Trainee: 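What follows is a single structure, and I will ask about it in a moment.
Not measured: the values here are computed from a predicted model. All values below come from the heavy atoms of this structure, side chains included, with hydrogens, waters and symmetry mates left out.
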2 protein chains.
Amino acid sequence: MRAGADGGVMATIYEVAALAGVSPATVSRVMNGVSVSPERSKRVREAAEALSFRPNRVARTLRRQHSEVIALVIPDIENPFFTSMARGVEDVAQAAGYSVLLCNTDDDHDKEARYLDIAVGANIAGVVIAAAGDRSDVKVLIDRGRPVVAVDRGPHGFDIDAVTVDNRAGGRAATTSLFDQGFRRIACVTGPRDVETATQRADGWADALAAHGGADHALLRHANFRIDGGEQAMTELLDLPEPPDAVFVANNLMSVGALRVLSQRGLLPPAVGVAMFGDLPFMPLAPLPITVVQLPARLIGTTAAGLLLERINGDDQPARTIVLRNRLVQH
Amino acid sequence: MRAGADGGVMATIYEVAALAGVSPATVSRVMNGVSVSPERSKRVREAAEALSFRPNRVARTLRRQHSEVIALVIPDIENPFFTSMARGVEDVAQAAGYSVLLCNTDDDHDKEARYLDIAVGANIAGVVIAAAGDRSDVKVLIDRGRPVVAVDRGPHGFDIDAVTVDNRAGGRAATTSLFDQGFRRIACVTGPRDVETATQRADGWADALAAHGGADHALLRHANFRIDGGEQAMTELLDLPEPPDAVFVANNLMSVGALRVLSQRGLLPPAVGVAMFGDLPFMPLAPLPITVVQLPARLIGTTAAGLLLERINGDDQPARTIVLRNRLVQH
DNA sequence: ATGAAAGCGCTAACAG
DNA sequence: CTGTTAGCGCTTTCAT
């Protein structure tokens with residue numbers, strides 16, 4: 001036994017082989033379930049147990065040129081939408097014997113690029129990515145033949161698998177619902193201009209109002225996709241000379257912010273119309289009368305991980321885009 | 001260039017060396033910031049750029065016996081407390097050039113053990129772990145000299161660094177606050193018996209009531225640390241012949257469940273007293289009159305990651321336990 | 001079914 | 001400062 005980095009010990013396949021009186025190749029075969037005589041197999045297993053041998057995955061990866069790790073690249077690990085998705089990815093990956101390397105990009109293209117470089121260098125089997133923006137560059141992976149699946153938002157200009165929802169239709173449905181409830185000055189709080197889900201959802205809002213004299217673009221706000229973004233945008237809207245009587249908020253966290261502001265001003269639904277894209281997480285109270293476009297976050301994750309595993313296993317059919325259904329719910 | 005796993009190409013240090021007209025060792029030195037003549041250094045950099053070379057971290061790790069990856073082992077990635085913590089860990093790790101391998105154990109000891117085995121085999125530099133239970137076994141890591149830092153809950157019987165909060169004092173303070181508000185039949189909903197944070201917080205509850213005739217243990221409930229656990233326990237309590245007039249709930253998600261049940265029955269605070277351990281995440285409304293023991297989740301993460309990095313860098317002073325302050329807030 | 005041996009890409013002595 | 005070389009631990013032909 002040799003000393004490990006910090007004085008620990010790491011039994012190798014050679015030591016197991018020596019103890020079991022077989023060759024290293026035989027140990028390798030046993031560890032990988034390749035046919036070995038029962039008698040030797042037993043000796044190997046006992047020797048491995050005795051030495052508390054753990055196969056060195058680093059060496060294996062170097063040799064096989066392929067690791068059992070996938071990377072999950074998301075912009076905000078504190079957003080419940082992405083954690084649900086992460087959970088879905090993790091479940092599927094784990095069941096297939098893969099680990100998940102978590103990459104929180106914070107919507108920062110540099111951080112994202114750095115992570116993708118690491119993924120390449122680590123011989124990652126594949127990547128599920130919710131891109132920081134339209135122009136995220138997954139070329140470094142594609143060039144090396146690593147499969148990539150886009151979720152939620154797609155990096156443009158790459159012909160890769162994607163799992164999304166119909167953002168525009170969702171925005172339209174939510175807004176239409178507000179209109180049907182009798183609201184007429186319907187505002188929209190959406191995300192950054194360079195995030196395609198944000199613009200699509202806002203387009204849906206505009207669509208819905210087009211039939212009724214058109215959307216008033218003074219009532220459109222772009223904010224970050226966080227709570228403070230929602231607070232700020234909602235405050236601005238309420239301070240307008242002619243404030244809206246309803247609002248469609250294009251993501252879950254901004255909805256929290258918007259509702260906080262409304263709540264502070266005593267303007268809770270149904271006094272004012274509220275529709276939101278994505279579920280309000282951890283709502284502790286009996287439901288407010290709010291219109292919600294429910295996103296199948298976990299399903300997005302499991303679906304994406306499934307596609308990725310197929311690609312990892314050699315599937316090379318043309319790129320697919322899977323559009324998952326979002327359900328409109330009236331609380 | 002050789003074919004990669006899926007037909008991609010991966011330039012090696014040898015190819016860069018050949019193109020730059022230097023030895024592989026020189027390329028390695030350039031990539032690692034070891035002194036090399038400026039002229040050669042430039043040639044190497046250009047060659048690397050031209051071949052879009054990415055150093056193979058797998059090979060490096062095999063050689064160095066040490067990777068720049070730490071594992072974060074948590075029971076529930078969908079719990080905002082752990083995601084905040086994860087965020088803290090990730091920030092510090094990333095700043096120090098480390099990546100984070102996310103391990104979601106789902107409170108399952110087998111899953112946890114499997115992940116720890118993987119961590120060992122992957123030559124992980126260290127582990128931050130919120131153990132699935134008291135008896136989580138990090139021996140496999142300790143034996144090999146890999147540093148481990150416990151957060152939130154500590155696996156017992158190991159002399160390792162830990163970052164915690166004072167659970168008992170928090171439980172006591174929250175309960176005392178309810179008593180001071182005039183409530184007299186104060187129930188407690190806490191987590192599983194084999195999770196030390198759960199029992200400690202319940203002990204705090206018992207402490208607080210000891211001075212006033214003692215706690216009524218018919219009002220104590222153990223549930224899982226999830227929303228449904230809180231719902232179930234709260235329902236049971238309210239259905240008691242003599243229901244409580246207040247409740248101390250020992251974690252954030254169970255509080256959501258408890259409040260949902262209360263809300264459904266029209267029993268919102270201040271009609272009934274509510275105190276909780278951990279912040280209510282994403283509260284969309286103006287604050288209810290609730291007593292909250294605020295946990296510095298992110299700080300726990302950054303602190304733990306800091307300790308871990310110190311250990312990775314060779315610090316071998318005796319194990320430390322850092323107890324972070326939790327603040328009592330009246331909303 | 002089993003063993004011998006080469007080599008995955010990199011780093012770190014060691015020698016110059 | 002620079003090149004040569006020997007592995008890190010494992011898998012996988014290729015023989016046997």
Trainee: Does a side-chain N or O of A:T26 approach OP1 or OP2 of C:dG3 to a distance below 4.0 Å, or not?
Mentor: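 Checking C:dG3 against A:T26, a side-chain N or O does come within under 4.0 Å of OP1 or OP2.
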Trainee: Would a distance-only check, ignoring hydrogens and angles, find a side-chain to backbone donor-acceptor pair under 3.5 Å from B:R153 to B:A131?
Mentor: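 The answer is yes, because a donor-acceptor pair under 3.5 Å joins these two groups.
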Trainee: Going by heavy atoms closer than 4.0 Å, what residues in residues 53-63 of chain B are next to DNA chain D?
Mentor: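 Contacting residues: B:L62, B:R63.
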Trainee: Could you give the OH-to-P distance, from B:Y14 to C:dG7, as a whole number of Å?
Mentor: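 Rounded to the whole Å, the gap is 12 Å.
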Trainee: Going by salt bridge (Lys or Arg N to Asp or Glu O under 4.0 Å), name the residues that satisfy it together with B:R54, two or more places apart in sequence or in a different chain.
Mentor: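 Applying salt bridge (Lys or Arg N to Asp or Glu O under 4.0 Å) to B:R54 gives A:D117.
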Trainee: Can you name the residues that form a side-chain contact (heavy atoms from CB on, under 4.5 Å) with A:A304, not counting sequence neighbours?
Mentor: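 Partners of A:A304 under the side-chain contact (heavy atoms from CB on, under 4.5 Å) test: A:V128, A:V149, A:V151, A:V163.
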Trainee: Within the side chain of A:N104, is there an N or O that forms a donor-acceptor pair under 3.5 Å with the backbone of A:I77?
Mentor: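 Yes, A:N104 side chain to A:I77 backbone: donor-acceptor pair under 3.5 Å.
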Trainee: Check the distance between D:dT11's C1' and A:N123's CG and give it to me in whole angstrom.
Mentor: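 Value for this atom pair: 15 Å.
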Trainee: Which pairs would a plain distance check flag for residues 16-27 of chain A, meaning a side-chain donor or acceptor within less than 3.5 Å of a matching protein atom at least two apart in sequence or in another chain?
Mentor:
{"from": "A:S23", "atom 1": "OG", "to": "A:A25", "atom 2": "N", "distance (Å)": "3.4"}
{"from": "A:S23", "atom 1": "OG", "to": "A:T26", "atom 2": "N", "distance (Å)": "3.3"}
{"from": "A:S23", "atom 1": "OG", "to": "A:T26", "atom 2": "OG1", "distance (Å)": "3.3"}

Trainee: Take the protein atom CZ of B:R64 and the nucleotide atom C1' of C:dT11, then report the distance between them rounded to whole Å.
Mentor: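 Taking atom C1' of C:dT11 as the reference, CZ of B:R64 is at 7 Å.
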Trainee: Expressed as a whole number of angstroms, how long is the span from B:E68:CD to C:dC10:C1'?
Mentor: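 Checked: the CD to C1' distance equals 13 Å.
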Trainee: Any pair with a residue in residues 90-102 of chain A that passes side chain to side chain donor-acceptor pair (under 3.5 Å), sequence neighbours left out, goes on the list, sorted by first then second residue, please.
Mentor: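 Of all non-adjacent pairs touching residues 90-102 of chain A, those that pass side chain to side chain donor-acceptor pair (under 3.5 Å) are A:R87-A:D91, A:E90-B:Y115, A:D91-A:R298, A:Q94-B:Y115.
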Trainee: Among residues 29-42 of chain A, which contact DNA chain D at a heavy-atom distance under 4.0 Å?
Mentor: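 Here the set is A:R29, A:N32.
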Trainee: Without decimals, in angstroms, what is the distance between B:I13 CD1 and C:dA12 C1'?
Mentor: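 Computing the B:I13:CD1 to C:dA12:C1' distance gives 12 Å.
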Trainee: Please list, chain by chain and in numerical order, all residues satisfying salt bridge (Lys or Arg N to Asp or Glu O under 4.0 Å) with A:D161, sequence neighbours excluded.
Mentor: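 Partners of A:D161 by the salt bridge (Lys or Arg N to Asp or Glu O under 4.0 Å) criterion, ordered by chain and then number, come out as A:R311, A:R320.
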Trainee: So what does A:S28 touch, heavy atoms closer than 4.0 Å: a base, only the sugar-phosphate, or nothing?
Mentor: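 Since a base atom lies under 4.0 Å of A:S28, the category is base.
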Trainee: Going by salt bridge (Lys or Arg N to Asp or Glu O under 4.0 Å), name the residues that satisfy it together with B:E39, two or more places apart in sequence or in a different chain.
Mentor: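 With neighbours one apart ignored, the set is B:R43.
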Trainee: Quick check on C:dG3: is either OP1 or OP2 less than 4.0 Å from any side-chain nitrogen or oxygen of A:S23?
Mentor: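 Indeed, a polar side-chain atom of A:S23 lies that close.
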Trainee: Atom NE2 of A:H66 and atom P of C:dG7: how far apart are they, to the nearest Å?
Mentor: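 Between P of C:dG7 and NE2 of A:H66: 23 Å.
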Trainee: Report yes if a side-chain nitrogen or oxygen of A:Q65 is closer than 4.0 Å to either non-bridging phosphate oxygen (OP1 or OP2) of C:dG9; otherwise report no.
Mentor: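 Yes, such a contact exists.
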Trainee: side-chain hydrogen bond (donor to acceptor under 3.5 Å, both in side chains) with A:D108: which residues, sequence neighbours excluded?
Mentor: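 Scan of A:D108 (side-chain hydrogen bond (donor to acceptor under 3.5 Å, both in side chains), adjacent residues dropped) gives none.
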Trainee: Please list all pairs passing the side chain to side chain donor-acceptor pair (under 3.5 Å) test where one or both residues lie in residues 119-129 of chain B, with sequence neighbours left out.
Mentor: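 Those involving residues 119-129 of chain B are B:N123-B:R146.
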Trainee: How sharply is the helix from C:dA1-D:dT16 to C:dG16-D:dC1 bent, taking the axes over five pairs at either end and rounding to 10 degrees?
Mentor: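 Taking five pairs per end, the axes differ by 30°.
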Trainee: Hey, could you give me each pair passing salt bridge (charged side-chain N to carboxylate O under 4.0 Å, His left out) that has a residue in residues 21-36 of chain A? Not counting sequence neighbours.
Mentor: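 Qualifying pairs, neighbours excluded: none.
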